[in-house]
Amino acid sequence: MLVLGALALALWAGAVVVTLVYNAPVNELAATWDPESPPLDWEALRDKWHRGQTIRTLLAVGSFVCLALGAVWPRFAS
């Protein structure tokens, strides 16, 4: 369980880093936008946010799978 737990923690930490690098900055910018007049590069920022969301989701699912495998099939933990 230790190996899978450590891998799950590393994947989850990666998800947090991706959130801070990709998603949070775009969210902060979007909070200040006028909905009637978005910035000219809003599509690039949207794409950056979606890229971060995709990476973050894969990391979070991987983390969950590691924890589930460790809990359900202890033989995978060694």
Side-chain angles (χ1 to χ4, degrees):
M1 179 66 183
L2 181 63
V3 172
L4 287 174
L7 181 57
L9 179 62
L11 289 169
W12 190 254
V16 171
V17 169
V18 168
T19 300
L20 295 174
V21 170
Y22 284 91
N23 300 96
V26 175
N27 289 344
E28 288 177 20
L29 287 172
T32 64
W33 293 349
D34 176 10
E36 299 297 322
S37 179
L40 296 175
D41 66 340
W42 74 269
E43 291 170 325
L45 291 168
R46 177 202 59 200
D47 293 343
K48 178 181 177 181
W49 190 92
H50 281 293
R51 189 170 32 260
Q53 180 65 15
T54 300
I55 295 167
R56 178 171 69 167
T57 299
L58 293 172
L59 291 169
V61 168
S63 176
F64 175 78
V65 167
C66 288
L67 290 175
L69 284 175
V72 176
W73 292 296
R75 68 178 180 269
F76 286 118
S78 46

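The side chain to side chain contact (heavy atoms under 4.5 Å, CB included) test with C66 singles out one residue from L7, L9, V61, and that residue is L7. Of the listed residues (N23, T19, V18), just one forms a side chain to side chain contact (heavy atoms under 4.5 Å, CB included) with Q53, and that residue is N23.
L20 and L29 are members of different hydrophobic clusters when ILVMFWY side chains are connected at heavy-atom separations under 4.5 Å. Tracing side-chain contacts under 4.5 Å through hydrophobic residues (I, L, V, M, F, W, Y), one reaches I55 starting from V17; they form part of the same cluster. W49 and Y22 sit in two unconnected hydrophobic clusters of ILVMFWY residues. Membership requires side-chain heavy atoms under 4.5 Å apart, directly or through other members. Linking Ile, Leu, Val, Met, Phe, Trp and Tyr residues whenever their side-chain heavy atoms come within less than 4.5 Å leaves W42 and L40 in two separate clusters. By the rule that hydrophobic residues join a cluster once side-chain heavy atoms approach within less than 4.5 Å of another member, V21 and L11 end up as members of one cluster.
Here the CZ-NE2 distance, from R56 to H50, works out to 11.5 Å after rounding to the nearest 0.5 Å. The distance from atom CG of L67 to atom CH2 of W12, rounded to the nearest 0.5 Å, is 10.0 Å. Atom OG in S63 sits 12.5 Å away from atom CG in L58 (nearest 0.5 Å).
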